[in-house]
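Report on the structure given below.
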Amino acid sequence: MGNSALKAHLETAQKTGVFQLTGKGLTEFPEDLQKLTSNLRTIDLSNNKIELLPPLIGKFSFLKSLILNNNKLSALPEELCKLKKLETLHLNGNHLRQLPAAFGQLSALKTLSLSGNQLRTVPTQLCGLRHLDVVDLSKNQIQNVPDTVGELQAIELNLNQNQISQISVQISHCPRLKVLRLEENCLELSMLPQSILSDSQISLLAVEGNLFEIKKLRELEGYDKYMERFTATKKKFA
């Protein structure tokens, strides 16, 4: 892409606060963006070939939305964690194996999408994020859901299409968790904590495509309690 095209994009971004440059085969984060660190509210560089996010990302202190779906990122810089106003972070379809240690400092984060990466566990850093609404960790390589998950504040947790065979009973203690998606994993019925049904806030549990028949779920103790929550929620949205 020529410099004049980039210049035009930068001029537009300066006025709108939005820089969007998708599907242009970019191999690196455009350095020229640092001229707009105080203007930009949204950066969307999806469908490119970016391998590294430079430390200068930490300078975009007013950034609310960062979208980098379908790139080639295998790691994120610690500087990303300085973005105190960031509410939306989409990193689907990259090669991420873990999150930066300070990720829990992204205190405004509401939506985090990490579908189609190479995570092997639910990152513990997520438990410090108080405003998190939706977390999408589908299509990763997660094998178990650890005890720390009980502190997760999210309303919806998507773990579809992983390799999960074990889930900590602590998941039923999540204070705001209403929607739990576990479709197409490796769960035996005996590995599904019954407290999710009998003693949690969860009102939508999606478990199709595991190692048991859905009708067996209905025989579990606590299923009627779960159905009460499910029906009440459905009425609310009807």
Could you pull out the closest heavy-atom pair between [X] and [Y], with the gap in Å?
| X | Y | answer |
| --- | --- | --- |
| His9 | Leu21 | NE2-CD1, 3.3 Å |
| Leu91 | Asn117 | O-ND2, 2.9 Å |
| Cys174 | Gln201 | O-CG, 4.0 Å |
| Phe60 | Leu40 | CE2-CD1, 3.8 Å |
| Pro54 | Phe29 | CD-CB, 3.4 Å |
| Ser195 | Ser172 | OG-OG, 2.8 Å |

Do [X] side-chain atoms and [Y] backbone N/O form a donor-acceptor pair below 3.5 Å?
| X | Y | answer |
| --- | --- | --- |
| Gln125 | Leu99 | yes |
| Tyr223 | Lys216 | no |
| Asp136 | Ser138 | yes |
| Asn39 | Gly17 | no |
| Asn162 | Leu137 | yes |
| Arg229 | Ile202 | yes |
| Asn140 | Leu119 | yes |
| Asn185 | Gln163 | yes |
| Asn47 | Gly23 | no |
| Thr121 | Pro123 | no |

message: Let's go through Lys72 and His95 carefully: what are the C-alpha distance in whole Å and the side-chain angles of both, what is the deciding distance for side-chain contact (heavy atoms from CB on, under 4.5 Å) to 0.1 Å, and is it a yes or a no?
response: CA-CA 6 Å; Lys72 297 189 168 187; His95 309 303; 4.1 Å; yes

How many angstroms lie between atom [atom1] of [X] and atom [atom2] of [Y], to the nearest 0.5 angstrom?
| X | Y | atom1 | atom2 | result |
| --- | --- | --- | --- | --- |
| Arg218 | Tyr226 | CZ | OH | 10.5 Å |
| Glu184 | Gln161 | CD | CD | 4.5 Å |
| Leu180 | Leu204 | CG | CG | 8.5 Å |
| Ser74 | Asn71 | OG | CG | 11.5 Å |
| Gln34 | Lys59 | CD | NZ | 5.5 Å |
| Leu73 | Asn69 | CG | CG | 10.5 Å |

With a 4.5 Å limit on heavy-atom distance, are the side chains of [X] and [Y] in contact?
| X | Y | answer |
| --- | --- | --- |
| Asn94 | Gln118 | no |
| Leu192 | Leu182 | yes |
| Ile142 | Leu159 | yes |
| Pro193 | Gln170 | no |
| Leu106 | Leu129 | yes |
| Ile171 | Leu157 | yes |
| Thr12 | Phe19 | no |
| Leu220 | Leu189 | yes |

Partner residues of Arg176 under the side-chain hydrogen bond (donor to acceptor under 3.5 Å, both in side chains) criterion, sequence neighbours left out: Asp133

message: What verdict does the side chain to side chain donor-acceptor pair (under 3.5 Å) test give for Ser46 and Asn70, after you've listed the backbone C-alpha separation in whole Å, the side-chain angles of each residue and the deciding distance to 0.1 Å?
response: CA-CA 6 Å; Ser46 296; Asn70 304 319; over 6 Å; no

Are side-chain N/O atoms of [X] and [Y] paired as donor and acceptor at under 3.5 Å?
| X | Y | answer |
| --- | --- | --- |
| Thr233 | Ser203 | yes |
| Gln20 | Asp44 | yes |
| Thr148 | Thr124 | no |

- prompt: Are Ile155 and Val149 linked, directly or through other ILVMFWY residues, by side chains that come within less than 4.5 angstrom of each other?
  reply: no

task: In plain terms, say whether Lys215 and Glu213 are close enough for a salt bridge, that is, a side-chain N and a carboxylate O under 4.0 Å apart.
output: yes

Lys49 bridged to Glu28 by N-O distance under 4.0 Å: no

task: Would you sort out whether Leu45 and Ile50 count as a side-chain contact (heavy atoms from CB on, under 4.5 Å), showing the intermediate values?
output: CA-CA 9 Å; Leu45 293 167; Ile50 299 169; 4.0 Å; yes

message: If you count every heavy atom of other residues, nucleotides or ligands that lies below 6.0 Å from Glu208 atom CD, does the total exceed 12?
response: yes

message: With a 6.0 Å cut-off (strictly less than), is the heavy-atom count around NZ of Lys64, excluding the residue itself, greater than 12?
response: no

Side-chain donor-acceptor pairs under 3.5 Å in residues 75-84, sequence neighbours left out?
unit_1	atom_1	unit_2	atom_2	d
Glu78	OE1	Ala102	N	3.3
Glu78	OE2	Ala101	N	3.1
Lys84	NZ	Gln105	O	3.1

